[in-house]
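Comments concern the structure below.
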Protein chains: 2
Amino acid sequence: MTQKADRDQIRRQNRSVVLQALRRKGPQARIDLGRVTELSPATVTSITSDLIAEGLVVGVDEPGQREREKGVRGRPRSLLALHGAAASILAVKLSVNTIELALADYGGTLIARGAASFDSVAVTAEGFGQTLVETIRNFLAKHDIGRPPVIAIASQGVVDDSAGTVAWSPAFAVRHVPVIAPLREAFGVACMLSNDTNMIAEALHRIDPVRYGGTFAVLFVDYGVGMGLFVNNRLFVGETGAAAEIGHASHIPGGALCRCGRRGCLEAYLGDYALRRHALRLDPQTPPSTIPVARDTIRGLINDAENGDAGALDAFRAGGTALGYAFARIIATLDPRRIVVTGAASNAFPLMREAALAALDEALVADLRGDVEIEAIAWEEDLILRGTIARALHSLDTEVFAETGVSALQMPVGGQA
Amino acid sequence: MTQKADRDQIRRQNRSVVLQALRRKGPQARIDLGRVTELSPATVTSITSDLIAEGLVVGVDEPGQREREKGVRGRPRSLLALHGAAASILAVKLSVNTIELALADYGGTLIARGAASFDSVAVTAEGFGQTLVETIRNFLAKHDIGRPPVIAIASQGVVDDSAGTVAWSPAFAVRHVPVIAPLREAFGVACMLSNDTNMIAEALHRIDPVRYGGTFAVLFVDYGVGMGLFVNNRLFVGETGAAAEIGHASHIPGGALCRCGRRGCLEAYLGDYALRRHALRLDPQTPPSTIPVARDTIRGLINDAENGDAGALDAFRAGGTALGYAFARIIATLDPRRIVVTGAASNAFPLMREAALAALDEALVADLRGDVEIEAIAWEEDLILRGTIARALHSLDTEVFAETGVSALQMPVGGQA
DNA sequence: CAACTTTTTTTCGGACGTCGAAAAAAATAA
DNA sequence: TTATTTTTTTCGACGTCCGAAAAAAAGTTG
């Protein structure tokens, strides 16, 4: 049953709508905010003056503005913008042997970036929290910032967002590694944990909410296969946060041997090791650990294929077939508007397309397919960190700062209090 | 981006909350409504007096009430209830050769039921609308009711809810059969169209919103395999209404021959014809049309299996394996709280359980499985019509009657105006 | 049986958020 | 300097919710 509504809720929602408008459309005058949000000018004035008093929004003087309005009569518009110093976000990306960090302000401006290495294999459930805390502490010290109010982490593998742990990741030998708890304890700040592929979906949605909206899926094909899912314009993570973990869902019962030890996972046909295994014409049961892969394995295979190497071509054809079946199963279950393929292997999509579409035809009645669009987009490493930042900012806009009477989480900068 | 909120929205939502509370908890006093909805007594009085004036709610005298409160001091509670005559719902269930009908009032009370036969195979895209209109007209004439304000249809197969057509159904030889348009034209009333298995999920959710809430899936295993999906406490139908059509999603690429002409669909292992085909030890490529099935095929097979028939036992074992893989794929994609198995084959779940759980183990890393509960519930034919009525009533509560100043869609009863 | 107690329901006034209209502010044009 | 235009703010009205108080309608008690 729906919840009751009261007056406070209206204000909360409208504050949030104004903040989101400023985030989406950049600095703008009150009159524009009124048009975008459909709130009356009177209400916009009321809400923005609160937000300004609380330090969440500031008046800005955009230099270009003056000239662009040269010769326009009337009272000049005074632009408002999100106040960068109102909060800051530390986005952390966990992958094999690497922790990447990015610091952004409330306006979404990137302030600093960094990276650190660690030994994934040696990680213990207890020790990793400490590693993470130290890495973050070092990074923050180097960038002269006291206390980031929000830490958002994106991790490979299966994330349990209610427990705040990484339930299972190719990066770790151990399971159920606590992440949120040690950070909250060390820094006493709000923390959130997400799956990395979900953050790709989030980034795409923030970049183009129309194209990447409604219900859509992102397939990340790289060292493994991940999936990010939006349902009804919202990130969907399931009951425990483990939704969209299609990489280790079964493609062919009893099929090729996967890294996870099971047989027939989608990843065992599409992961970098799987493609190489196929290209080398090794037995599908060859243990993945014995197959040499590196960061650029997929690029190498694409090169080989483009030079006419039959093994590589075959590997992508087989991968394409698996991909097509994955499309079919996603469509049958979710009827999405769009499926996006990205990751290192997205460059190989032209090599896989034909097999993928043939498999889709074979696997799904045409009447079930709807109008789903399938596209491959070039892979950018940064998408994950950008999505992570975007998600954290959105949660500030809708949850923290929507609350009336909350002043900015003041960020001490430099030596000043 | 979220929409702005205004004053009217508060009232709409709170009216809706009150109506839903009356529906969920039955007749109750204002003070109880206040407790359930968390609205103040003053607000409850204000909202209910509007609702009473509009004919949506009436005061009732429940005979038991008096005695139960014997000896209780204070002003006696005066119970309010949904006013049955405020609207009526005609639920229509379309299946092979049969149209079932049920008429209910706004209070959810069943007023009449009926059924009619028609020749599914002979249906044409243009003619079916007429058949449906006539069937409904006859039914309504027989029950002395003028003009049902809401018609809700549940159909087998793939429903396109934006187009208002049955895109593809085992009941019809033709595709894209218009349903909404002819009804709206003939009766000029609000119509909605859903997939039948989705209505099972809806019925379960209304019966026990806690148990059947959040994200859960219903697998309907019977003549075919259907799926109903709730995501975040709401029915999920995808972008075109074709979500959760797992029956014709691929289980084994190139596998057993399905009714739809493709190979390896889940249904080709779990549908009644598939089970019989296996039990008779026929080749998996034997065309389904040549396999004799009837309404009680599954019951017969269960009997055979319980009497030790090796073929029938094998068939259920194979079906169980397919079911287990389906579980695994659903869990990997959606991470649901619960998966419910129902339909005629749910009685066979004990015969399938072992194979299903073994397949699930084989197909999905344990860490991905979350705390999903898998249960089989006895199949009741009525669940579909009940869910259809429930869905229509819910849409009245939240969309039509939530609007302020809407008086009841007066239902002419008997000879009276 | 009249006064008291208890519980439910209604009434009343205050607070608050949105909106439209009018006023004020700040520019250009004549 | 006055008129015009556009943006922003102010003001008053209206609607909704809520708390408090009053009213209503019973049972209890002496």
Side-chain angles (χ1 to χ4, degrees), chain A residues 2-18 27-53 57-62 65-80 402-405, chain B residues 2-18 27-53 57-62 65-80 402-405:
Chain A
T2 340
Q3 278 274 303
K4 73 155 184 178
D6 60 15
R7 221 179 28 243
D8 290 1
Q9 209 173 324
I10 293 194
R11 188 58 147 195
R12 256 198 304 276
Q13 179 154 348
N14 286 342
R15 278 168 66 99
S16 164
V17 163
V18 168
Q28 58 198 295
R30 291 170 180 77
I31 186 116
D32 299 317
L33 281 172
R35 268 192 277 271
V36 170
T37 61
E38 298 187 298
L39 291 166
S40 73
T43 305
V44 172
T45 292
S46 164
I47 289 175
T48 52
S49 69
D50 282 2
L51 294 173
I52 290 168
V57 164
V58 284
V60 291
D61 242 343
E62 209 166 89
Q65 183 70 9
R66 263 290 113 80
E67 276 135 47
R68 237 176 294 123
E69 290 194 1
K70 208 71 185 174
V72 177
R73 283 212 218 179
R75 179 173 176 172
R77 3 189 96 190
S78 70
L79 302 192
L80 300 177
E403 213 62 43
T404 57
Chain B
T2 340
Q3 279 273 304
K4 73 154 183 178
D6 60 16
R7 217 178 33 237
D8 290 1
Q9 211 171 322
I10 294 192
R11 189 59 148 196
R12 256 199 303 277
Q13 180 154 347
N14 286 341
R15 280 168 64 99
S16 163
V17 163
V18 168
Q28 58 198 295
R30 290 169 181 80
I31 186 114
D32 298 319
L33 281 172
R35 268 192 276 270
V36 171
T37 60
E38 298 187 298
L39 292 165
S40 72
T43 306
V44 172
T45 292
S46 163
I47 289 176
T48 52
S49 70
D50 283 2
L51 295 173
I52 291 169
V57 164
V58 283
V60 291
D61 243 343
E62 209 166 87
Q65 183 70 11
R66 264 291 113 80
E67 276 135 49
R68 236 176 295 122
E69 289 193 3
K70 207 72 184 174
V72 177
R73 286 209 213 179
R75 179 174 176 171
R77 0 189 99 189
S78 71
L79 302 192
L80 300 177
E403 213 62 45
T404 58

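FYI, side chains are in, hydrogens and waters are out, and symmetry mates aren't considered; it's all heavy atoms of this structure.
- In this structure, A/Ser40 and A/Gly74 both approach DNA chain C, and ranking their closest nucleotides by distance from the 5' end singles out A/Ser40.
- For the pair B/Asn14 (side chain) and A/Lys4 (backbone), a donor-acceptor distance under 3.5 Å is absent.
- For the pair A/Lys4 and D/dT16, the criterion of a side-chain N or O lying under 4.0 Å from OP1 or OP2 is not met.
- Nearest heavy-atom pair across B/Val60 and B/Pro27 is CG2-CB, 4.1 Å.
- Rounded to a whole Å, the CZ atom of B/Arg77 is 15 Å from the C1' atom of D/dG27.
- Nearest-nucleotide assignment on DNA chain C puts the 5′-proximal partner with B/Leu79, out of A/Ile47 and B/Leu79.
- Spacing between atom CZ of A/Arg75 and atom C1' of D/dT7 amounts to 6 Å, rounded to whole angstrom units.
- Atom OG of B/Ser16 is separated from atom CD of B/Glu403 by 11.0 Å, given to the nearest 0.5 angstrom.
- The separation between A/Ile31 atom CD1 and C/dA26 atom C1' is 14 Å, rounded to whole Å.
- Here the C1' atom of nucleotide D/dC17 and the CZ atom of A/Arg12 are 14 Å apart, to the nearest Å.
- Comparing the axis of the opening five pairs of the helix from C/dC1-D/dG30 to C/dA30-D/dT1 with that of the closing five pairs yields an angle of 30°, rounded to 10°.
- The interatomic distance linking B/Gln13 (CD) with D/dC17 (P) rounds to 10 Å, in whole Å.
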Show, in sequence, the C-alpha distance, side-chain angles and deciding distance for A/Arg12 and A/Arg15, and conclude whether the side chain to side chain contact (heavy atoms under 4.5 Å, CB included) test is met. CA-CA 5 Å; A/Arg12 256 198 304 276; A/Arg15 278 168 66 99; 5.8 Å; no
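- Atom-to-atom distance recorded for A/Gln13:CD and B/Thr2:OG1 is 6.0 Å, nearest 0.5 angstrom.
- As judged by a 4.0 angstrom heavy-atom cut-off over every strand, A/Val72 is placed among residues touching the sugar-phosphate backbone only.
- Straight-line distance from the CZ atom of A/Arg30 to the P atom of C/dA26: 12 Å, rounded to whole Å.
- Taking CD1 of B/Ile10 as the reference point, atom CZ of A/Arg7 lies at 7.5 Å (rounded to 0.5 Å).
- Closest approach to the A/Pro76 side chain among C/dT10, C/dA27, C/dC19 is made by C/dA27 (side chain taken as heavy atoms from C-beta onward).
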At a cut-off of 3.5 Å, list every protein nitrogen or oxygen paired with a nitrogen or oxygen from nucleotides 11-17 of chain C, distance to 0.1 Å.
unit_1, atom_1, unit_2, atom_2, d
C/dC16, O4', A/Arg7, NE, 3.2
C/dG17, N2, B/Arg7, NH1, 3.0

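- One atom, CG of B/Leu39, and another, C1' of D/dG19, lie 14 Å apart when rounded to the nearest Å.
- To the nearest 0.5 Å, the span separating CG on B/Leu33 from CG on B/Leu80 amounts to 6.5 Å.
- Distance CD (B/Gln28) to C1' (C/dT9): 15 Å, rounded to an integer number of Å.
- Scored by the salt bridge (charged side-chain N to carboxylate O under 4.0 Å, His left out) test, A/Asp32 finds A/Arg35, A/Arg77 as partners (sequence neighbours excluded).
- The only option from A/Asp6, A/Thr404, A/Asp50 that meets the side-chain hydrogen bond (donor to acceptor under 3.5 Å, both in side chains) definition with A/Arg11 turns out to be A/Asp50.
- Within 3.5 Å, a donor on the side chain of B/Arg73 pairs with an acceptor on the base of C/dT5, or the reverse.
- B/Ser49 and B/Arg30 are not linked by any side-chain donor-acceptor pair at a separation below 3.5 angstrom, with hydrogens and angles left out of the test.
- Among the heavy atoms of the strands, none lies under 4.0 Å from B/Ser49.
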